[in-house]
Structures are given as structure tokens and as C-alpha cells.
Student: 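What follows is a single structure, and I will ask about it in a moment.
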Amino acid sequence: LTHAKQLWNRIAAGDASMAAAFEADMHHLALAGGRLGAPALAKFLSEFNAITRHAAHSRPGDQLGLDVATCLLFVDNALANLTCLDAHFAVRADALSARLLSLVAGDTLPPADSWLDDMSRQAQQRQTMAVLAVEMQSNLRQVEKTLEDYFRDPNERAALPSLGILLHQIGGALAVLDQPDASRAVQHVEQAVQAFVDSPAEAEPDVAAFSAVAQNIGALSFFIETLQ
């Protein structure tokens, strides 16, 4: 399920190459659902699998992208409470299936109930977080590569000043996501990189400082991965 959610975020962002992998994940999820001893959930997973097979290979618009993400969150919540599913679960599952079918068919959707609005907001927040996490990981990999090049060859320092922009973007995204500790860790890396920039061109890189920065980057990468 976690992998399927990550793949759907990429599909919703326009990466059609993930469709086959997402379809496979949903197929396995539907098969597993039949063995959980929860008929209403098994029924929903079977229907959800059939509907998303089409959605994954189309170009989902914003509404379909959000509604599939909402259904994935609905499944996530159900699995977390498998032994005591909400009394309204079956009715809500049927409503979600019907809504997805209407979206795929291009029909006009009726106003959403309050519970669905709340769940859609949660799904949208998770999608935003996942998109930011992907961007932060990309920036962090660039920072890591540039620093490794510099420490292998101190003459490779021309790109060091540009790292401040990447790190500032990462720190800003973490601040938006209300992650002050991680944001401060980025600031420490920023300060260390600035020290490398300010060091004389003929100076050897500070091995201890590089080791500390590498540890911080590794910890940040692991933390950002958990946000996805």
C-alpha cells in the first residue's frame, strides 16, 4: 500500500511510466484483501483495483488524482483499524466506488459529504508533502554529489556556491511542513558549505567537517524519505 501511494503521487504528477507498477501493486493489494476476513474491505479493494486499472493508464486530472489518493488513505485507515471497522465503512466504501466510477466516466459529481471532504483534505496534505519530499530528495542528492566531487578534488569548487540555494529551498520546504529540527539541521549544513566556499582555494578540505556534513545529509535524507 505504501508503495502504491508513492507511485500514485508520481502518476498524478504526470509520470505515466509508473502506471504498470501501480497496477501490479493494486492487483496484489486486492488479492491480499480477500484474505483479511473483512468482506466490505475486500469488496472495495476489488472494485478499487478495477477502476484504478483504467485511471493509472489515463492522464488523471487534479480531481481524479485527489480522489484516488483519498481512496488509498481510506484503505490505509481501514487496515489500521481492521478489527473494528467503522459501522459506516461499507456505505462509505460503496460511495467512494460510485464516485470514482462517475469521475472516470466524466459525469458531474454531487457535493461531497463532510466525512469525504475531511478525508480529501488529509489526502491533499499528504500529496503536497510527498511532492515536496521528492523535490527535497532531488536537491539533497545534488548537494551530496557536489560535495563528494569537491572532497575528491579540491579544485572542483566552482559549484559550491550554488548549494546555498538548494539547501535554502530544502530548509524552506521543511519549515512549511512544520519540521523545525530538520530545518535547523539544514542550516548547519548550509553553514558548513559556506565555510568550504570561504576557505582559501589552496586549502585542503576539512575531513572532520566533511564527515559531519555527510552524517547530517544522510540523516536528512532518511527523514525526508519518511515524509513520503
Side-chain angles (χ1 to χ4, degrees), residues 1-22 24-25 65 69 72-73 76-77 79-80 121-228:
L1 177 59
T2 298
H3 191 240
K5 287 190 289 186
Q6 292 171 352
L7 292 176
W8 181 254
N9 286 335
R10 293 179 63 176
I11 292 170
D15 188 352
S17 68
M18 296 294 105
F22 177 76
D25 279 354
L72 289 167
L73 177 58
D76 200 357
N77 291 342
L79 292 175
R121 276 193 293 272
Q122 292 178 44
Q124 193 163 35
Q125 289 168 357
R126 291 192 181 193
Q127 276 192 318
T128 300
M129 184 177 291
V131 169
L132 287 174
V134 169
E135 292 175 356
M136 287 188 287
Q137 285 285 31
S138 177
N139 285 350
L140 206 55
R141 281 193 293 270
Q142 184 59 46
V143 170
E144 189 173 26
K145 181 182 182 304
T146 301
L147 288 174
E148 286 175 350
D149 290 345
Y150 167 62
F151 271 80
R152 274 197 300 266
D153 181 359
N155 293 318
E156 295 285 339
R157 57 188 295 130
L160 287 179
S162 67
L163 298 187
I165 297 173
L166 296 177
L167 289 165
H168 187 71
Q169 290 174 346
I170 295 170
L174 288 167
V176 168
L177 295 175
D178 195 23
Q179 301 294 338
D181 292 340
S183 187
R184 280 192 293 273
V186 174
Q187 290 173 6
H188 292 319
V189 174
E190 240 182 306
Q191 291 165 4
V193 169
Q194 189 58 49
F196 299 150
V197 172
D198 294 339
S199 65
E202 66 278 5
E204 287 293 318
D206 185 332
V207 176
F210 176 72
S211 178
V213 168
Q215 288 181 358
N216 270 337
I217 290 176
L220 281 167
S221 180
F222 178 77
F223 175 74
I224 291 170
E225 189 174 336
T226 66
L227 297 178
Q228 298 184 61

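Quick caveat: nothing in here was measured; it's all calculated off a predicted structure.
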Student: In Å and rounded to the nearest 0.5 Å, what is the CG to OG1 distance from Leu7 to Thr2?
Tutor: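 The OG1 atom of Thr2 is 11.0 Å from CG of Leu7, to the nearest 0.5 Å.
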
Student: If the condition is side chain to side chain donor-acceptor pair (under 3.5 Å), which residues does Ser221 pass it with, not counting sequence neighbours?
Tutor: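 If we apply the side chain to side chain donor-acceptor pair (under 3.5 Å) test to Ser221, skipping adjacent residues, the hits are Gln137.
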
Student: About how many Å separate CD of Glu148 and CZ of Phe210, when rounded to the nearest 0.5 Å?
Tutor: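 Nearest 0.5 Å value for the CZ-CD distance: 5.5 Å.
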
Student: Quick check: closest heavy atoms across Gly65 and Trp8, and the distance to 0.1 Å?
Tutor: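 In this case the closest contact between Gly65 and Trp8 is O-NE1, 2.9 Å.
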
Student: Suppose the criterion is side-chain hydrogen bond (donor to acceptor under 3.5 Å, both in side chains): which pairs have a residue in residues 159-180, not counting sequence neighbours?
Tutor: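 For residues 159-180, and leaving out neighbouring residues, the side-chain hydrogen bond (donor to acceptor under 3.5 Å, both in side chains) pairs sorted by first residue read Asn139-Gln169.
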
Student: Between Ile224 and Ala133, which heavy-atom pair has the shortest distance, and what is it?
Tutor: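 Closest pair (atom of Ile224, atom of Ala133, distance): CG2-O, 3.5 Å.
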
Student: Measure the spacing between CG of Asn155 and CG of Asp149 and express it to the nearest 0.5 Å.
Tutor: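 It comes to 12.5 Å.
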
Student: Which value, rounded to the nearest 0.5 Å, describes the distance between Asp198 atom CG and Gln191 atom CD?
Tutor: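 One finds 12.0 Å between CG of Asp198 and CD of Gln191.
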
Student: Please round to the nearest 0.5 Å and tell me the distance separating atom CZ of Arg184 and atom CD of Gln187.
Tutor: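 Answer for the CZ-CD pair, Arg184 versus Gln187, is 8.0 Å.
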
Student: Is there a side-chain contact between Leu174 and Phe223 in this structure, where contact means two heavy atoms from C-beta onward sitting under 4.5 Å apart?
Tutor: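 Yes, close enough: below the 4.5 Å cut-off.
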
Student: What are the two closest non-hydrogen atoms of Tyr150 and Ser199, and how far apart are they?
Tutor: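 Closest approach of Tyr150 to Ser199, heavy atoms only: OH-OG, 3.8 Å.
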
Student: Distance alone, cut at 3.5 Å: any donor-acceptor contact between the side chains of Gln142 and Thr146?
Tutor: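 Short answer, yes.
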
Student: Please report the closest heavy-atom contact between Ala209 and Phe196, naming both atoms and the distance.
Tutor: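 Taking Ala209 first and Phe196 second, the nearest heavy atoms are CB-CE2, 3.9 Å.
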
Student: Does any non-hydrogen side-chain atom of Leu140 lie less than 4.5 Å from one of Glu144?
Tutor: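 The answer is no, as the side chains (C-beta and beyond) never meet within the 4.5 Å cut-off.
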
Student: Of the non-hydrogen atoms in Leu1 and Asp76, which two are nearest, and what is the gap between them?
Tutor: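 Reported closest heavy-atom pair: CD2-CA, 3.6 Å.
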
Student: Out of the candidates Leu220, Ile217, Val143, only one should pair with Leu167 under the side-chain contact (heavy atoms from CB on, under 4.5 Å) rule; please name it.
Tutor: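 Of Leu220, Ile217, Val143, side-chain contact (heavy atoms from CB on, under 4.5 Å) with Leu167 is met by Val143 alone.
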
Student: Can you tell me how far apart CG (Leu160) and CD (Gln194) are? Round to the nearest 0.5 Å.
Tutor: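 Interatomic distance, Leu160 CG to Gln194 CD, rounded to 0.5 Å: 9.5 Å.
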
Student: Over all heavy atoms of both residues, which pair between Val213 and Ala192 is shortest? Give the atoms and the distance, please.
Tutor: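 Heavy atoms of Val213 and Ala192 come nearest at CG2-CB, 3.3 Å.
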
